[in-house]
Asker: 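One structure is given below, represented as structure tokens, and several questions about it will come after.
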There are 2 protein chains.
Amino acid sequence: MEMTETQVIKAAVIEDIREIREGLTTLINFTDGFRCTGSYRSVEEALTRLNDDVPDVLLSDIGLPGMSGIEGIRIIKARFPLMQILMLTVYDDDDRIFDALCAGASGYLLKRTPPAKLLENIREAMSGGAPVSPEVASRVIKFFREFHTPDRTDYDLTPHETRLLKLLTEGYNYATAAAKLGVSYNTIKFHVRHIFEKLQVHTKSEAVVKAMRDRLV
Amino acid sequence: MEMTETQVIKAAVIEDIREIREGLTTLINFTDGFRCTGSYRSVEEALTRLNDDVPDVLLSDIGLPGMSGIEGIRIIKARFPLMQILMLTVYDDDDRIFDALCAGASGYLLKRTPPAKLLENIREAMSGGAPVSPEVASRVIKFFREFHTPDRTDYDLTPHETRLLKLLTEGYNYATAAAKLGVSYNTIKFHVRHIFEKLQVHTKSEAVVKAMRDRLV
DNA sequence: CCTCTGACTACCCAAATGGGTGGTGACTTC
DNA sequence: GAAGTCACCACCCATTTGGGTAGTCAGAGG
């Protein structure tokens, strides 16, 4: 027994379906280098008993009786910031994936993940990775891409108009923008009118909203 | 030879370092179920010869002589939308990762990825996944998380104020917002003043910018 | 040469907004 | 029962804004 605690990855499970919960516990305990510190039926149960033997990695379902897994990890992550949390669930819709990641999950695996892969993913989480199932990775990246490249509808703004629009989004009014750009108040009004025409809006507020949404600034 | 073309994954490589390029080509050709349709030293070369035998998956370096891999995949993806493109590179900085994904890359692998893993990732890309190295996944998710949860500074807006603020970001003015919410113009002004106080701003434009930045709406 | 465009300035007037005051009623919490 | 919060409404007045018209000037390009 020279392999010490430092080498062994301690994992715990929150899952309400008995067969799955016991299957995971067995899988973890019967694999070299892993130890299951606990298996819980609900977030509430985990919260009271997690302190007995704090795991390195926590696998959690989302659809749980009582508090949902998403809410659960928010609380658990706040209490144990270093614990790596992996969602292990059947849900693969965007909202749940993003909510889970934002709540503090390090990874998001679908339940059909094969056992060997699952153990590999736990190791990956421990070494700072973010294990996600292929479908999930694909969704995250798709979302990210859409968010980051807004089809570049640039409305043909001239450089000056763009600069002015940027100032407007930063809270400048016409007078202060005029001072900032070193031109007269009337010039600002002139350019603003052009911006409105190009953006198809009629107020400063609409213009700044459009500028921010379409990432013109 | 009963295994037909439909089963074989056709891959191509863009990589300027000869050893790596030939290593990848050999790896792909000597693996069952894969065939290498071409290996190119630059994006320019790939563009002229890719049509000879169009691959399903393209592995590309980023640091290439002439056009960079990022610019390259933007062009290639536009010309061959169905082609899955994987970046295979030494760079792991955020900017390059995000630029590549936005330019149309399906995945982003670091060059230290072991051969077996690499082949698995090519298969994953073919089946609609988004293979990324663990470090890369971690960065994408971290970025995503920061972007999506802006520290929830909620300024204690009441439900009504939040509704009104949302309308303002949608281009409503006081009069139309009043009609929409079924209250009087003066009531809108009253609430708007409170919103301004809580958000510490003095104009509608500043309020909508703040609302959008802090994802209050 | 002439035209076009971008950038610039000015004046006028109407509409929208910002900020101050005053008040009502309902509902919760202490 | 008092204090607080939320929602509601009104009047006043100054400032900001939106939109129209009417110009100048410099540089690019046919």
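As the structure is a prediction and not an experimental result, all values here were calculated from the model.
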Asker: Rounded to whole Å, how long is the line connecting atom CD of A:Gln200 with atom C1' of D:dG18?
Answerer: 16 Å

Asker: So what does B:Tyr185 hit on the nucleic acid, given a heavy-atom distance under 4.0 Å: a base, only sugar-phosphate, or nothing?
Answerer: base

Asker: Looking at CG of A:Leu164 and CD1 of A:Ile188, how far apart are the two atoms once the value is rounded to the nearest 0.5 Å?
Answerer: 5.0 Å

Asker: Does OP1 or OP2 of D:dC8 have a side-chain N or O of B:Ser184 closer than 4.0 Å?
Answerer: no

Asker: Would you say A:His191 reaches C:dT9's phosphate, i.e. side-chain N/O to OP1/OP2 under 4.0 Å?
Answerer: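 Result: no.
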
Asker: Rounded to whole angstroms, how far apart are CD on B:Glu197 and C1' on C:dG19?
Answerer: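 Atom CD in B:Glu197 sits about 10 Å away from atom C1' in C:dG19.
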
Asker: Tell me whether B:Arg21 at atom CZ has more than 12 heavy atoms from other residues, nucleotides or ligands lying less than 6.0 Å away.
Answerer: yes

Asker: OP1 or OP2 of C:dG6 sitting under 4.0 Å from any side-chain N/O of A:His194?
Answerer: no

Asker: If the threshold is 4.0 Å, N to carboxylate O, is there a salt bridge linking A:Arg18 and A:Glu22?
Answerer: yes

Asker: Starting from C1' on C:dC8, measure out to NE2 on A:His160 and report it in whole angstrom.
Answerer: 9 Å

Asker: Which one, D:dG18, D:dC9, D:dT21, comes nearest to the side chain of A:Arg193?
Answerer: D:dT21

Asker: With a 4.0 Å cut-off on N to O distance, would you call B:Lys166 and B:Glu170 a salt bridge?
Answerer: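 So B:Lys166 pairs with B:Glu170 through a salt bridge.
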
Asker: In terms of the nearest nucleotide of DNA chain D, which residue is placed more toward the 5' end: B:Arg163 or B:Ser205?
Answerer: B:Arg163

Asker: Report the nucleotide, chosen from D:dG19, C:dT9, D:dT17, that has the shortest atom-to-atom distance to any side-chain atom of A:His202.
Answerer: D:dG19

Asker: Can you identify which nucleotide, out of C:dT9, D:dG18, D:dC8, has its nearest atom closest to the A:Phe196 side chain?
Answerer: D:dG18

Asker: Quick one: is A:Thr187 getting a side-chain N or O under 4.0 Å of the C:dT9 phosphate, OP1 or OP2?
Answerer: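 For C:dT9, OP1 or OP2 has a side-chain N or O of A:Thr187 closer than 4.0 Å.
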
Asker: Could you give the NZ-to-C1' distance, from A:Lys204 to D:dG19, as a whole number of Å?
Answerer: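 About 16 Å, once rounded to whole Å.
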
Asker: Measuring from atom NE2 of A:His191 to atom NE2 of A:His160, what distance do you get when rounded to the nearest 0.5 angstrom?
Answerer: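 The NE2 atom of A:His191 sits 5.0 Å away from the NE2 atom of A:His160.
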
Asker: NA contact type, B:Thr158, heavy-atom cut-off 4.0 Å: base, sugar-phosphate, or nothing?
Answerer: sugar-phosphate

Asker: Ignoring the backbone of B:Asn186, work out which of D:dG18, C:dA7, D:dA10 is nearest its side chain.
Answerer: D:dA10

Asker: With a non-hydrogen cut-off below 4.0 angstrom, is B:Asn173 in contact with a base, only sugar-phosphate, or nothing?
Answerer: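 Counting heavy atoms under 4.0 Å across all strands, the contact made by B:Asn173 is with sugar-phosphate only.
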
Asker: What integer distance in Å separates B:Tyr172:OH from C:dA16:C1'?
Answerer: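 After rounding, the reported distance stands at 18 Å.
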
Asker: Could you tell me the separation between the CD atom of B:Glu161 and the P atom of D:dC6, rounded to a whole number of Å?
Answerer: 7 Å

Asker: Just how far, in rounded Å, is C1' of C:dA7 from CG of A:Leu165?
Answerer: 17 Å

Asker: Going by modelled atom types, is there a donor-acceptor pair between the base of D:dG19 and the side chain of A:Lys189 at under 3.5 Å?
Answerer: yes

Asker: Taking atom P of C:dT17 as reference, at what distance in whole Å does atom CG of B:Leu164 sit?
Answerer: 11 Å

Asker: Of A:Phe190 and A:Thr203, whose closest DNA chain D nucleotide lies nearer the 5' terminus?
Answerer: A:Thr203

Asker: Quick test of your reading of the model: are A:Asp94 and A:Lys142 salt-bridged, counting only N-O distances below 4.0 Å?
Answerer: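 No.
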
Asker: Picking from C:dT17, C:dC8, D:dC8, which would you name as closest to the side chain of B:Tyr174?
Answerer: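 Ranking C:dT17, C:dC8, D:dC8 by closest atom to the B:Tyr174 side chain puts C:dT17 first.
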
